Structure formats: C-alpha cells, structure tokens
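Structure first, commentary second.
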Amino acid sequence: MAIKLPDLPFAKDALAPVISANTLDFHYGKHHKTYVDNLNKLIEGTDLAEKSLEDIIKISAKDAAKAGIFNNAAQVWNHTFYWQALKKDGGKPTGKIADKITAAFGSYEKFAEELKNAGMTQFGSGWAWLVLDGDQLKITKTANADTPIAHDQKPLLTIDVWEHAYYLDYQNRRPDYLLAVIENLINWDFVNANLG
Ligand code: MN
C-alpha cells in the first residue's frame with residue numbers, strides 16, 4: 001500500500017504569472033514526487049508501510065531514529081496541502097474565515113502582513129501557516145519539513161518558503177513571492193472547509 005503522489009488540483013499553467021508552469025514542473029513533478037518515492041523506499045517492508053500518511057508523520061515525529069521518514073512523509077503531506085490551498089484568482093477571504101480573521105488579527109490587511117512576515121522571517125527553508133490551535137487562529141512558521149500536524153495544530157493554509165518554491169520566478173525576492181501568493185492565490189473555499 002504505497003503512498004501515492006496526488007494529482008495537482010489545477011493545470012500546470014493555471015497559477016501563472018504568480019507561480020509559473022516551469023516552477024510547477026520542477027516543484028510538483030520533481031521535488032514533491034521525490035519525497036513520495038523516497039518515503040516509499042524508506043517504509044517498504046516495515047510496520048509503517050500499512051499506516052496512513054498522517055499516522056506515519058505522527059509516529060516518526062516522536063522517534064529521532066526515524067528522522068528521514070519524518071522529513072519525507074511531512075514534505076509529502078505539506079506539499080499536497082499547499083497545492084490544495086492555492087487557486088487561480090484567490091482574492092480576499094470569504095465566508096466564516098473572513099470573520100474569524102478580522103476577530104483574530106483586527107483586519108485582513110494585518111493578517112496578510114503577519115502571514116508575509118512569518119514567511120520572510122523563516123530562516124532558511126520551511127513553511128508559513130495559518131492554523132487553529134485549539135479554537136485560536138494563529139499564524140506560525142515551521143522549519144524544513146516540520147508540520148503543524150506533528151504539534152496537534154490544525155492547518156488551515158500554508159505557503160512553501162523553500163527556495164525551490166520561488167527561485168525560478170522571483171530569484172531571491174521571497175517577500176514578492178509571498179505577497180503575490182497571499183493577494184492572488186489563496187483558496188479560501190479550502191480554508192473554510194478546513195475550519196469544519
Ligand atoms: Mn516545496
């Protein structure tokens with residue numbers, strides 16, 4: 001029961017010019033696929049081979065000897081979640097999440113600034129997140145493969161800030177990538193669905 005690479009939920013050119021088809025070719029077709037392939041090699045023939053991806057993450061997060069499995073499993077999960085959190089013409093939040101963002105951060109503009117800052121201040125590789133921590137909306141960042149689901153938080157949206165996510169389109173300009181994604185590509189229907 002191997003872990004599968006899910007289909008992208010949009011065409012490769014759907015997010016251009018914010019994220020180009022060229023970036024998605026490498027990011028989805030090479031990076032994400034490699035995490036899936038590496039994970040399957042690492043768990044083949046072990047007890048983890050029969051577990052769900054979420055269970056593999058939670059089990060390996062507690063075991064330093066399984067760091068390689070954790071890194072690949074969490075990266076598979078994080079990337080699948082990132083693609084789902086993106087769509088063409090995302091725009092401003094709608095529905096229940098719009099009210100929750102205003103209540104938690106004061107305004108959409110303050111939320112957007114804080115999310116951008118989380119991504120900008122993640123030193124090196126990692127992820128910026130909007131999560132539910134209990135019933136509290138929080139903006140967080142994680143390093144490398146780390147993921148909120150290893151910390152009992154419920155992810156609502158994420159932005160990949162590894163260089164491979166933006167370097168072909170923005171080179172070193174991580175803030176420009178973050179701003180463009182936040183303003184144009186967030187799938188608020190997906191965020192609302194995650195609120196439950
Ligand atoms: Mn990535």
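Everything quoted here is computed from the prediction, not taken from an experiment. Counting starts at 1 for both ligands and their atoms, in listed order.
- Defined by atom type and a distance below 3.5 Å, a donor-acceptor pair is present between the side-chain atoms of Trp129 and Thr142.
- Counting heavy atoms of neighbouring residues, nucleotides and ligands inside a 6.0 Å radius, atom NZ of Lys116 exceeds 12 of them.
- Rounded to the nearest 10 degrees, the angle NE2 (His164) to the Mn ion (ligand 1) to NE2 (His27) equals 100°.
- Linking ILVMFWY residues whenever their side-chain heavy atoms come closer than 4.5 Å, directly or via other members, leaves Tyr170 and Leu168 in distinct clusters.
- In terms of distance to the Mn ion (ligand 1), the nearest N, O or S atom of Asp160 is named OD2.
- Under the side-chain hydrogen bond (donor to acceptor under 3.5 Å, both in side chains) criterion, the residue pairs touching residues 10-26 are Lys12-Asp25, Ser20-Thr23, Ser20-Asp169, Thr23-Asp169, with sequence neighbours excluded.
- Counting backbone and side-chain atoms alike, His79 contributes an N/O/S atom closer than 2.8 Å to the Mn ion (ligand 1).
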